[in-house]
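Counting convention: from 1, in listed order, for ligands and their atoms alike. FYI, the numbering just counts along the sequence from 1.
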Amino acid sequence: MATQSFDLKARLANRREPFLFSWMTIPSPQLAGQLARLPIEGVCLDMQHGTIGFSDAAPMIAAISSAGRPAIARILWNEPGLIGQVLDAGAAAVIVPMVNSKEQAEAAVKAAKYPPLGGRSWGGYTAFQTYGLSPADYLKKANSITQVFAMIETQAALDAVEEIAAVPGLDGLFVGPSDLSIALSKGAGIDKTAKHTLDAMKLIAAAAAKNNLVAGAFAGSADVIDTYAAMGYTFMAGAVDVDLLQAGAESLIKAVKGV
Ligand code: 3PY
Ligand code: MG
């Protein structure tokens, strides 16, 4: 297995150029390796809303890491076992959905970081290989080479964002603008660039900046990436695998049939 050469923490410390990654819903190591070879800097596995289970994710993380890109996992829920599992499989970052309070953010950090920052359980056999580190060196470096993001995507999370952002050991906040806009509109609609969504995202970016955290968000298309980047977001999901396939198919049909 080729070792992970990408230093995600150092890359994210450079806030001048947004770090863009693709977002996978399809369980396929081949497709993961293919996306990791595009000029986009990382690949995220959506294990919450995609159909990627852990036995799919493990070879996908290996394929992405072998291409020299960081593998990111948006896990199913804020559960310590699910967090440890993807980090042990070699993920460079874990995005934890629906973190609604300081206590829930503390629980995510506890599962993701070894002492003294947290209480992650030991056994990253695949991660040692991914990073080319001895177990002793992995223990020394893991808290820095792996990143944990708390998703802010509810009214409760927005109300608690200052406290969540101040939790020691958290590396970043990650906005789920679909859930956030559904919550803020009381179910009226999904709008990633509505005024209420962008106003909330300004507060979230400010809380991240105040605590020297990375501000991340699911964008999903070029115009949304530009809007969020202008607000200080530097870690963004750029496009979803199924949308990329659809766009490729549509452009082929257009080229052939002119429609
Ligand atoms: C959201 O927008 O709610 C997400 O979780 C990202 O897909
Ligand atoms: Mg969501």
Exercise for the section: Answer yes if the side chains of Ser181 and Asp191 hold a donor-acceptor pair under 3.5 Å, and no otherwise. Expected result: no
Problem - Ligand-side contact atoms (ligand 1) for residue partner Phe218, heavy atom cut-off under 4.0 Å - result: 6 (C), 7 (O)
Practice task
Report yes if some heavy atom in the side chain of Ile204 is under 4.5 Å from a heavy atom in the side chain of Leu180; otherwise report no.
Solution key: yes
Fill in the blank from the handout: Under 4.0 Å from one or more heavy atoms of Met151, ligand 1 contributes atoms 4 (C), 5 (O)
Handout entry: Contact atoms of ligand 1, heavy-atom distance to Arg74 under 4.0 Å
Key = 4 (C), 5 (O), 7 (O)
Handout entry: Charged N-O contact under 4.0 Å between Lys102 and Glu106
Key = yes
Handout entry: Ligand-side contact atoms (ligand 1) for residue partner Asp179, heavy atom cut-off under 4.0 Å
Key = 1 (C), 2 (O), 3 (O)
Problem - Side-chain donor-acceptor pair present, Gln30, Gln34, cut-off under 3.5 Å - result: no
Practice task
Please work out which of the three classes, parallel, tilted or perpendicular, describes the rings of Phe128 and Tyr125, given edges at 30° and 60°.
Solution key: perpendicular
Handout entry: Protein heavy-atom partner closest to atom 2 (O) of ligand 1 - residue, atom, separation in Å
Key = Ser178 N, 2.8 Å
Handout entry: Shortest protein heavy-atom distance from atom 1 (C) of ligand 1, along with the residue and atom involved
Key = Gly176 CA, 3.2 Å
Practice task
With sequence neighbours excluded, tell me which residues meet salt bridge (charged side-chain N to carboxylate O under 4.0 Å, His left out) with Arg11.
Solution key: Glu41
Exercise for the section: Mark up the atoms of ligand 1 that fall under 4.0 Å of a heavy atom belonging to Glu153, in ascending order. Expected result: 1 (C), 3 (O), 4 (C), 5 (O)
Exercise for the section: Flag the pair Lys141 and Asp7 as a salt bridge only when some basic side-chain nitrogen lies within less than 4.0 angstrom of an acidic carboxylate oxygen. Expected result: no
Exercise for the section: Count, excluding waters, the protein N, O or S atoms that are closer to the Mg ion (ligand 2) than 2.8 Å. Expected result: 2
Exercise for the section: For the residue pair Trp23 and Asp243, establish whether any side-chain heavy-atom pair is separated by less than 4.5 Å. Expected result: no
Problem - Heavy-atom side-chain contact between Thr193 and Asp223 under 4.5 Å - result: no
